[in-house]
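Numbers restart at 1 for each chain; the letters A, B, ... are given by sequence-line order, proteins then strands. As a basis for the values below, the full set of heavy atoms in this structure was taken, side chains included, without hydrogen atoms, waters or symmetry mates.
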Amino acid sequence: MNKLNFLQPDKNNLNTYLYTGTILVALSIFIVFLNSFFKKDLISFLPGTLSFFLPLILGFIGLHLIRIEYSGLKFLDSVNKHINTNNFNAFLSLLIVFVVIKSLPPLLSWFILDANIAGDSKDVCTGTGACWTYIKIWFNRFMYGMYPNAEQWRINLSFIALAFLGTIGFFATEKFKKYLTLYYVVIYPVIAFFFIFFFISGGPIFFDFSYGIIAAVISIIIGFFIPSKFKMYYFIIVPITLYILLKYVFFYEELIELGKLEALEWVETGAWGGLSLTFIVSFFCLIFCFPIGLFLSLGRRSDFPIIKYFSIGMIEFWRGVPLITVLFMSSVMFPMFLPEDMFIDKLVRVIIAISLFEAAYVAEVIRGGLQALPRGQYDAAKSLGMGYWKMHILVILPQALKLVIPGIANTFLALVKDTPLIFVVGLLEIVGMLNLAKTNPEWLGFAMEGYVFASVLFFIICYAMSKYSYNLEQKYKTER
Amino acid sequence: MSDKIIQITEMNKWFGDFQVLKNINLEVEKNKKIVVCGPSGSGKSTLIRCINRLEEHQEGSIIVDGNELTADTKDIEKIRAEVGMVFQQFNLFPHLSILDNCTLAPIWVKKMPKKDAEDLAIQHLEKVQIADQAHKYPGQLSGGQQQRCAIARALCMEPKIMLFDEPTSALDPEMIKEVLDAMVNLAKAGMTMIVVTHEMGFAKEVADEVIFMDEGMIVEKADTKEFFANPKSDRTKLFLSQIL
């Protein structure tokens, strides 16, 4: 009575269909697996085209047989619901599984099985796989560029310190939570700037850094005895005064003498490079381009014609020129307009150029968010007596920025991936270093490994950023 | 200082070439409740939006609590802080909780300590009977609750005048009553109110004066009883016959 109908499987004879189907699918995967991993062709006796498509056909029939609704088996139901809903999806699922199986062996063999990592010259790289020795030997250069080996601890120390300071927000107690925004928007970038500009750079300029640290420490210690009412002003005025006093009045002569003895070795920015430079450039460009973009987007909607047309001009100009030209201009043309004795470091110029360039994009992204807000929000804020800045800071921007988190993240990712372009002005971040290393006569022919290595690094950075932006989105999601 | 808190004289307003308000003269005394009615497009909303300068007028003068509103009024924010407004679309701030919606302006505009602002907010939320929702977000409340919150938010600034721009037009019928009740209570407490509405029952109950507008002009202005008992102009009669 339970007639088998292979065109329309049903719940009667469930087991028959299930076994037949599973065996067919397993068989199809097995054939592809053997073929791909062990180069054994089980079905070579069949004519060429048929043997090529046979696994697909077998799997397809198998999936068709097990497509039984409400079978009562949890696993089967879930498979049917997610990858086996209809013939087309079954076909796509099979195809994807086969492509993965097919592409695994060559990838595995290139990345791991046939790859070399031992030794320290290219002679060990005899296999057909990747030569990770190349990455290993050049690793230091890829991370630090031309930075002197003996001084690299300064980069490490700065980055570890900054990473630590950056995670402080997670440990802040309730009492300090309200200062976190101020910390991340103003204080942290300033600290980062001090570290990178003075500490990594070193030289006489390092003493500015030392004075800054001394001034900060002294003012924090005294700060404990200041009534909280004045603290805000105190922490702005006193450190700056102390710094100026230290630098120009008290210890100037002595420390300059001392400095000649014990200063950190000066490393010019041209020697900075590798992944650390990628981080430095991306970090500062991200920090600068956001506020500039924010002001441009507000400026573009301003009622004052001068501000409005200035903003429009800026946005359209920077969006209209290619980044590579901007970088060229910043390094070649810009110095011509400066007075003879004035000198701005190449790295600083590049950071300014990229920041302005990306700010234009950020501005347009934020403008999109501003336009998405209903006019009623402006009306309500105004009717409560808020002026322009209060209205924007308290009501408009929190909502608009929340809306544009995906767009901002997009721009920021693009920025990070644009940094390799700074090679045109002679700054070699990680991709630049790769290009340099691959032309080294002793290491010719390993461009592939280098680019794969860089891709993996960039992917990790960008994926982390994208995950973070997604978290932010979830965190600030409120129902409208 | 007379007790005329709003004085509008010969005010004209254009949107581009189109004249929305024509020769408006209006005086509102302290503690009076005015209801403005009229067909849509007659300029009612624009009129009350001019009173706190969400719209600018081009001719004539508007004097609110002794301050004339002109293009170079520097402290327009101060005047706005004294004039509360409730909108048709509620316009609560969706990123803030109900309580924060109410305390935002007192804290940042009036520099009130946070504790006091919260006490005040709870007090006003209790008056409109949504104090128990204080920690929810606007999106989680019904339309009627949102509109009552909007009233509380405006009251937290302790305004001298309250403007209502069709406060019940965007609500379901069963929610209109709760909002109107809140407004009636407010009126009984002696607030100066200008209400744009089509709720004639509300007008009969609380209004001292009713203004009928059509095509940007004040067609009729009369005591409430007079207005409903024997309207003078034909236009008003027609309107009342359609709406009642």
Side-chain angles (χ1 to χ4, degrees), chain A residues 174-182 228-229 232-233 294 301-305 366 368-406 408 471-480, chain B residues 45 48-49 51-56 71 74-98 100-111 114 136-141 146 149-150 153-159 161-165 170:
Chain A
E174 207 53 47
K175 197 181 157 194
F176 294 102
K177 276 255 159 70
K178 55 183 168 180
Y179 300 114
L180 275 186
T181 320
L182 178 77
S228 58
K229 204 174 161 189
M232 197 63 202
Y233 307 103
L294 187 61
R301 293 163 63 89
S302 169
D303 291 334
F304 301 105
I366 295 178
L370 291 174
Q371 278 178 345
L373 288 191
R375 187 175 150 206
Q377 293 291 317
Y378 292 87
D379 285 348
K382 279 184 199 161
S383 78
L384 288 168
M386 296 183 193
Y388 181 86
W389 290 110
K390 277 178 189 157
M391 173 171 82
H392 276 90
I393 293 172
L394 298 172
V395 177
I396 304 301
L397 287 177
Q399 295 182 60
L401 292 182
K402 192 167 70 189
L403 284 177
V404 298
I405 290 174
I408 298 263
N471 278 350
L472 275 186
E473 232 175 283
Q474 296 299 311
K475 188 173 155 192
Y476 293 116
K477 198 158 94 181
T478 50
E479 292 170 65
R480 277 188 72 87
Chain B
S45 293
I48 69 165
R49 285 169 67 87
I51 293 173
N52 65 355
R53 213 173 163 73
L54 287 179
E55 303 283 357
E56 294 174 12
K74 287 285 186 298
D75 42 5
I76 183 70
E77 281 93 36
K78 271 189 194 146
I79 296 167
R80 280 180 183 154
E82 289 180 1
V83 182
M85 183 148 183
V86 176
F87 300 87
Q88 184 177 356
Q89 298 295 341
F90 328 138
N91 294 344
L92 293 176
F93 305 135
H95 62 300
L96 297 174
S97 71
I98 297 301
D100 289 341
N101 261 284
C102 295
T103 57
L104 188 73
I107 291 175
W108 291 95
V109 178
K110 289 179 102 181
K111 313 281 179 210
K114 195 177 176 205
K136 289 192 181 169
Y137 283 86
Q140 296 166 304
L141 300 189
Q146 289 194 40
C149 169
R153 178 178 70 178
L155 289 177
C156 281
M157 288 300 282
E158 298 176 317
I161 307 162
M162 283 286 282
L163 308 174
F164 292 84
D165 187 1

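Only the side chain of B:F87 comes within contact range of chain A, with at least one heavy atom under 4.5 Å from a heavy atom of that chain. Looking at B:L92, the atoms closer than 4.5 Å to chain A (heavy atoms on both sides) all sit in the backbone: N, CA, C or O.
Between A:Q377 and B:F93, the shortest heavy-atom distance links the atoms OE1-CD2, 3.1 Å. In terms of heavy atoms, A:G385 sits closest to B:V109 at O-CG1, 3.6 Å.
Between chain A and the options B:R153, B:K78, B:K110, heavy-atom pairs under 4.5 Å are most frequent for B:R153.
Here salt bridge (Lys or Arg N to Asp or Glu O under 4.0 Å) pairs that include residues 374-399 of chain A, with residues two or more places apart or in two chains, are A:R375-B:E55, A:D379-B:R49.
Residues forming a side chain to side chain contact (heavy atoms under 4.5 Å, CB included) with B:E77 (at least two apart in sequence, or on another chain): none.
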